[in-house]
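See structure below.
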Amino acid sequence: MNPSITSKLPHTGTTIFTVMSALAAQHQAINLGQGFPDFPMDPALTRLVSQAMEEGFNQYAPMEGYLPLREALAEKAAFLYQASLDPRDMITMTPGGTYAIYTALTAMLQPGDEVILFEPAYDSYRPNILVNQAIPVTIQLQPPHYHIDWQEVRGRLTSRTRALILNSPANPTGAILSEEDIHELRSLVGEHPLLLVSDEVYEHLVFDGRLHQSLLRYPDLLQRSFVCFSFGKVFHCTGWKLGYCVAPPSLMAEFRKVHQFNCFSCHTPSQVAIARYLQDRHSYLDLAGLMQQKRDEFAAWMAATRFTPLPSHGSYFQCYSYERISDEPDREFAIRLTRDYGVASIPLSAFYHDAKDRRILRFCFAKQSATLREAAQRLSAL
């Protein structure tokens with residue numbers, strides 16, 4: 001008899017990102033689907049990695065992460081958010097932001113716990129909840145602005161509600177939390193013993209003079225939060241798979257119990273390099289301007305198409321409606337664009353558990369100007 005297992009994720013298949021990237025490669029299409037840059041990272045950072053290797057930083061880093069990097073991150077949080085973080089017991093390095101989110105949820109959840117999340121949502125949240133035998137409670141946000149209805153949030157709270165997942169700047173919508181959102185959230189946690197998971201992997205990519213409302217700014221929120229970040233997203237090195245989590249000591253202790261028996265230690269030379277790289281504040285302060293310029297370039301070229309832009313105030317994604325072009329389901333339309341017009345995108349239905357279709361596609365604008373211009377030119381043929 002052949003062995004078998006009962007799937008913990010029986011309804012989960014290959015992600016749409018893998019599907020669309022494979023389709024883009026098959027048809028030699030411009031890939032504006034999966035979120036990665038097509039331009040090189042800062043050569044100064046790659047030189048620092050090589051230097052770290054040559055200096056012998058090639059063995060295991062501590063489970064918590066290379067201490068000088070954690071110290072640099074604490075300094076950055078103090079500078080940007082006036083946060084007081086103890087780098088020894090409040091910061092842990094992780095192999096990417098997605099891993100940090102999974103580990104936070106695994107550390108806190110018990111079977112039957114409920115977790116509120118907002119859709120359209122980054123696609124790892126729901127499986128992370130389900131694999132821990134907890135229950136996702138979905139609130140759908142409405143285009144074009146995707147604002148949170150806090151009265152609806154209050155209406156969905158129960159005695160089993162354990163946590164709330166936030167994402168700002170948001171993938172896939174580019175929406176960001178406002179001061180009013182933070183006011184509502186602070187009021188909410190004063191009424192209910194919620195834990196928070198804040199996905200802030202695009203923290204440095206906030207546009208139009210707006211402020212990133214990191215939960216690190218608010219001590220009352222931080223004391224109940226796991227705040228997750230990514231170096232790959234902001235420093236254009238997604239293949240490094242390096243990020244970190246910030247949490248108060250009591251929560252971080254539980255996070256590390258899970259982490260130490262999973263990844264344990266992250267790539268040492270990269271940690272050494274980033275610790276040195278962060279000494280120059282322009283390494284992160286200049287990122288928003290660069291990416292806003294790319295958003296605006298892409299929008300200017302897309303103005304010649306029949307796509308309708310939705311607001312994006314952060315991340316490196318922008319959603320576009322194709323209601324003026326076709327009434328095809330978004331997945332079919334995205335596949336046709338890739339096959340017939342040579343531009344790959346992600347259908348927004350992929351970010352809803354029920355595959356809600358509003359005829360909207362997500363495009364990644366973290367690309368070279370020539371790439372974005374050529375993509376828009378191809379789409380103008382529709």
Side-chain angles (χ1 to χ4, degrees), residues 1-26 33-36 94-141 156 158-167 170-172 195-197 199 201 226 228 230 232 238-239 241 243 245 254-264 266 329-332 334-335 338 344-357 362:
M1 180 180 295
N2 292 327
S4 63
I5 62 173
T6 300
S7 177
K8 291 185 177 181
L9 298 171
H11 305 297
T12 299
T14 304
T15 71
I16 189 64
F17 309 103
T18 300
V19 171
M20 295 306 297
S21 288
L23 197 64
Q26 178 186 343
Q34 194 167 359
F36 58 83
T94 64
T98 301
Y99 172 102
I101 294 163
Y102 172 81
T103 304
L105 290 167
T106 300
M108 75 169 76
L109 293 178
Q110 299 292 334
D113 283 347
E114 294 179 353
V115 182
I116 293 176
L117 68 154
F118 302 100
E119 289 186 338
Y122 179 53
D123 68 336
S124 82
Y125 300 159
R126 189 177 183 86
N128 288 180
I129 296 165
L130 292 171
V131 81
N132 282 291
Q133 300 180 58
I135 302 166
V137 176
T138 303
I139 294 176
Q140 294 194 352
L141 308 181
R156 303 298 292 276
T158 73
S159 60
R160 295 192 298 177
T161 304
R162 182 62 170 156
L164 175 73
I165 301 178
L166 296 162
N167 180 203
N171 176 11
L195 290 171
L196 304 172
V197 176
D199 177 353
V201 303
F226 296 91
C228 303
S230 166
T238 58
K241 292 302 295 178
C245 181
E254 296 304 314
F255 182 98
R256 289 175 177 175
K257 288 179 184 179
V258 177
H259 171 65
Q260 70 181 338
F261 295 115
N262 194 357
C263 167
F264 184 80
C266 300
D330 65 356
R331 188 182 178 100
E332 293 180 16
I335 290 172
T338 307
S345 60
I346 300 294
L348 213 67
S349 62
F351 299 92
Y352 293 88
H353 76 281
D354 58 358
K356 181 176 288 295
D357 185 354
R362 188 201 76 174

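Since the model is a prediction, treat every value here as computed from it, not as a measurement.
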What are the two closest heavy atoms between [X] and [Y], and how far apart are they?
| X | Y | answer |
| --- | --- | --- |
| Arg156 | Thr161 | O-OG1, 4.0 Å |
| Ser345 | Thr338 | N-OG1, 4.5 Å |
| Asp357 | Pro329 | OD2-CA, 3.0 Å |
| Ala100 | Phe255 | O-CE1, 3.4 Å |
| Leu117 | Arg126 | CD1-N, 4.4 Å |
| Asp123 | Pro127 | O-CD, 3.1 Å |

[X] [atom1] to [Y] [atom2] distance, which is reported to the nearest 0.5 Å:
| X | Y | atom1 | atom2 | result |
| --- | --- | --- | --- | --- |
| Met108 | Thr103 | CE | OG1 | 11.0 Å |
| Cys245 | Tyr99 | SG | OH | 10.5 Å |
| Ile335 | Asp330 | CD1 | CG | 10.0 Å |
| Glu119 | Ser349 | CD | OG | 11.0 Å |
| Asp199 | Tyr122 | CG | OH | 7.5 Å |
| Tyr125 | Leu105 | OH | CG | 9.5 Å |

Sidechain-backbone polar pair: Asn262 side chain, Val258 backbone, donor-acceptor under 3.5 Å: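 It does not hold such a pair.
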
Just wondering, do [Y] and [X] contact through their side chains at under 4.5 Å, heavy atoms?
| X | Y | result |
| --- | --- | --- |
| Ile129 | Ile165 | yes |
| Gln140 | Asp354 | yes |
| Gln34 | Thr238 | no |
| Ile346 | Phe351 | yes |
| Thr94 | Cys263 | no |
| Ile101 | Phe226 | no |

Test side chain to side chain contact (heavy atoms under 4.5 Å, CB included) applied to Ile16 and Arg331, step by step: CA-CA 9 Å; Ile16 189 64; Arg331 188 182 178 100; 3.2 Å; yes

Distance-only donor-acceptor check, side chains Thr106 and Asn132, under 3.5 Å: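 Yes, a side-chain donor-acceptor pair sits under 3.5 Å.
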
Any donor-acceptor N or O pair under 3.5 Å, side chains Tyr352, Thr138: no

Heavy atoms of other groups near Gln260 CD, more than 12 under 6.0 Å: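 Result for CD/Gln260: enclosed.
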
Pair Asn171-Val201, side chain to side chain contact (heavy atoms under 4.5 Å, CB included): steps then yes or no: CA-CA 9 Å; Asn171 176 11; Val201 303; over 6 Å; no

